[in-house]
Amino acid sequence: MITDSDPVLARIARTFDNLKNTVKNKHSCERLQNLKKDIQYLQSELNILGKENQDMFIRSLAMEGYLALLTAKTMPISLIEKRNILQTVFDKIKPYAFREECLFVLLRIQNLLCYYLIQLDQTSSARDILEGIEELYEKINDSKPDKFLDAEDLFSIEDINTVRRISPEKIDKVITNNIQMQAFLYNKLNLPDKYTLYNHTALRRQLEMKEGTPQDWALRAARLGNFFTYLNQLGHARHHLCAAYHVLRTCHDNCKLMPEEFVLQKADFEIHFLELSHHWVKYGLALFKLSRKNILNKFFTQPSSKADLWKSMNIFDEHDETKVPDENLKDLGAEKNGNGDCSSDNVFNFPSLELKDTECRVPLETIKTPEDARKLFAFTHKWLMRAKHYYDFEQHSAQYISCSLQLAELYEHLAFFERNIDNQYSIQKRRSDVLEALNSLLKTCDNAMSVQIDVIRELSQVQLELMALNLQKLWREESQTNIINLNTDADSIINSLDSDSNKTLTERTLNTSCKNVFLRKMEAATSLNGRLFRLSGQLNVNTPSELSLAMDLRN
């Protein structure tokens, strides 16, 4: 028992109580003056305490660190001054980081110091601090969880052995906050691999500790899932979006059991599910795009030959053993970050959630058949309609336009995977109807000219698709008369079309009445597309379907 330092501890304890009361009394006219006076007095007393008794040195150091935290949070000083105060005390305490008096306050200083460093754009210093202290987390997990102290409790006259210990949950919480800070830093440094890892780790820890509200956790998990979609890591994206839906749905159902609580939160739940809808739509569109790229890579990377160019190929042949080169396979899953989604570990999972049944209902595999495409379309369409019906064109024009363009793009992807020409035509016609309806609405707006031009251009693209399908249907009808055998006469057709005898070939293969119908339909379609392209002659290279994924609603 230390007796020589008791008078000093008593003065420190009294002054600290005054300081806490001053901090709470935010409307006092003399608040700032009293804060400054008490902080200066405590600094001098702590300096005396550490020098007069070596056994109290570590304790005084921890209290000095907590006083620095209060100074940075309460005093109206510049960001640089706050950083300097915290940096000085951090460097002093770090050699004693694992001491029971110092650990908790050091972790809190680290968090606030790195925040200020990032605000000052000193990201390299913040990174060194955050990464340099990671080894400490493992030591904490291996140690006794109930041996550490809160520095605030040290401002008393009690002996160190009788001061109450901090709960392990508070230490876990501050470690999680530091991991979140690390994720924030990696995002700022544009390091997506590290950002996703640390962001997920923080989410997993918060889920296990039940920290915060389920709604906030679900939104953060959904946004990370959306970022995984952006990286084309769709396995991780699906898992996080399913986790967000599971937690949000569970919270929603529990609140329904308490009618008064549910009435208060009903509007918030609608907004949360709306944001989740947008993330699911982007997931579905991304899977469609990757699947299309897979098919196009599959055939455009094959060695070309004269026969292959004219051979009728079935892109959905499940028995086709043609393989995509390794570099293309890697590119499918890692187009934006270079790593792909082939990791076999469970580092990005939430083990405490039962998500297997939920994930089984969400398509993930690359689309290879029309049936697969219809399943993904139905899933994505459900979420898209949920979002689209929420918006009114007059009140939420930007969101309404984005949903309409995404719906048109969804029809475009479905048509790509459809085998039957009549079905393709029907799907493209629905795509055209969506764009026509949107174009009619845009005509009533004075400031939507650029979007309207993009819509007109996409309409012209749809008309080209419809014209091509009409030509295919006409050609199919004519080919059924067995006048031409494409497989045997391909070479002669090409040679004849390149020669002066193409007129004779046409007359020989098509009867006069069919030829007239054929040409009239071609002329009408060409005339229509000519008008559309003249209206959209000043367009940029992006189509609305490409722009729909770029419209970010994460604000």
Side-chain angles (χ1 to χ4, degrees), residues 1-21 23-24 38-39 41-43 45-74 85-86 88-114 129 132-179 181 205 209 211:
M1 188 75 178
I2 302 169
T3 58
D4 294 341
S5 58
D6 284 352
V8 180
L9 279 177
R11 293 196 299 271
I12 289 174
R14 286 194 300 269
T15 307
F16 185 72
D17 287 339
N18 293 335
L19 178 62
K20 288 196 298 182
N21 292 330
V23 170
K24 293 177 183 178
D38 289 341
I39 288 173
Y41 179 79
L42 284 173
Q43 287 173 340
E45 288 292 328
L46 289 173
N47 188 41
I48 294 172
L49 179 66
K51 288 182 177 180
E52 288 185 350
N53 195 315
Q54 192 63 31
D55 293 337
M56 300 291 287
F57 174 73
I58 301 299
R59 182 171 181 173
S60 66
L61 204 58
M63 290 190 284
E64 183 182 345
Y66 187 78
L67 191 62
L69 274 175
L70 283 179
T71 303
K73 288 183 176 181
T74 60
I85 291 171
L86 293 178
T88 300
V89 76
F90 179 82
D91 293 337
K92 291 170 69 173
I93 298 178
K94 189 177 179 182
Y96 311 98
F98 207 64
R99 290 290 295 265
E100 57 186 355
E101 303 97 323
C102 297
L103 175 71
F104 186 65
V105 70
L106 178 70
L107 293 175
R108 293 186 61 184
I109 291 170
Q110 171 200 352
N111 187 275
L112 191 58
L113 172 60
C114 290
I129 292 173
I133 208 167
E134 283 188 88
E135 296 180 1
L136 192 62
Y137 303 155
E138 298 179 6
K139 291 183 180 180
I140 295 171
N141 294 331
D142 296 336
S143 67
K144 294 180 180 179
D146 57 350
K147 76 173 188 175
F148 301 106
L149 305 168
D150 189 340
E152 183 174 347
D153 295 330
L154 297 176
F155 288 86
S156 67
I157 60 173
E158 292 186 53
D159 185 84
I160 192 68
N161 295 319
T162 62
V163 175
R164 66 172 183 172
R165 266 48 187 170
I166 194 172
S167 66
E169 290 75 15
K170 290 187 71 174
I171 295 178
D172 286 340
K173 184 176 180 180
V174 74
I175 291 176
T176 302
N177 290 340
N178 286 338
I179 292 173
M181 182 66 66
R205 292 174 63 93
M209 294 186 295
E211 180 185 338

Inter-residue atom distance Thr71.OG1 - Gln43.CD, 0.5 Å rounding: 6.0 Å

Residues that Asp38 engages under salt bridge (Lys or Arg N to Asp or Glu O under 4.0 Å), provided they are two or more places apart: none

Test side chain to side chain contact (heavy atoms under 4.5 Å, CB included) applied to Lys24 - qualifying residues, sequence neighbours left out: none

Euclidean distance, Asp153 CG relative to Asp150 CG, rounded to 0.5 Å: 5.0 Å

Contacts of type salt bridge (Lys or Arg N to Asp or Glu O under 4.0 Å), residue Arg205, not counting sequence neighbours: Asp172

Side chain to side chain contact (heavy atoms under 4.5 Å, CB included) partners for Asn21, two or more places apart: none

Positive for side-chain contact (heavy atoms from CB on, under 4.5 Å) with Leu103, one of Ile140, Ile93, Val174: Ile140

Expected list for residues 95-102: side-chain donor-acceptor pairs under 3.5 angstrom, two or more places apart:
from, atom 1, to, atom 2, distance (Å)
Glu100, OE1, Arg165, NH2, 3.0

Arg59 and Leu9, any side-chain heavy atoms less than 4.5 Å apart: yes

Atom pair CE/CG of Met181 and Asn111 - distance to nearest 0.5 Å: 4.0 Å

Qualifying residues under salt bridge (Lys or Arg N to Asp or Glu O under 4.0 Å), relative to Lys51, sequence neighbours excluded: none

Residues in side chain to side chain donor-acceptor pair (under 3.5 Å) contact with Glu152, at least two apart in sequence or another chain: Tyr66

Side chains of Leu69 and Val89 in contact at under 4.5 Å (non-hydrogen atoms): no

Gap separating the CG atom of Leu49 from the CG atom of Leu42, nearest 0.5 angstrom: 11.0 Å

Interatomic distance, Ser143 atom OG to Ile171 atom CD1 [nearest 0.5 angstrom]: 7.5 Å

Partner set under side chain to side chain donor-acceptor pair (under 3.5 Å) for Glu134, not counting sequence neighbours: Gln182, Tyr198

Which residues share a salt bridge (Lys or Arg N to Asp or Glu O under 4.0 Å) with Lys139, sequence neighbours left out: none

pair Leu112-Lys73: side-chain heavy atoms closer than 4.5 Å: yes

Set of ring-ring contact (aromatic ring centres under 6.0 Å, His included) partners for Tyr137, sequence neighbours left out: none

Leu107 versus Asn178, closest heavy-atom pair with distance: O-ND2, 3.3 Å

Check: Phe90 and Ile129 side chains under 4.5 Å, non-hydrogen atoms: yes

Sequence-distant partners of Thr15, side chain to side chain donor-acceptor pair (under 3.5 Å), two or more places apart: none

Candidate pair Leu154 and Ile160, rule side chain to side chain contact (heavy atoms under 4.5 Å, CB included), full reasoning: CA-CA 8 Å; Leu154 297 176; Ile160 192 68; 3.7 Å; yes

Inter-residue atom distance Phe16.CZ - Leu46.CG, 0.5 Å rounding: 10.0 Å

Contacts of Asn47 that satisfy side chain to side chain donor-acceptor pair (under 3.5 Å) - sequence neighbours left out: none

Smallest separation among heavy atoms of Lys170 and Phe104, with atom names: O-CE1, 3.7 Å

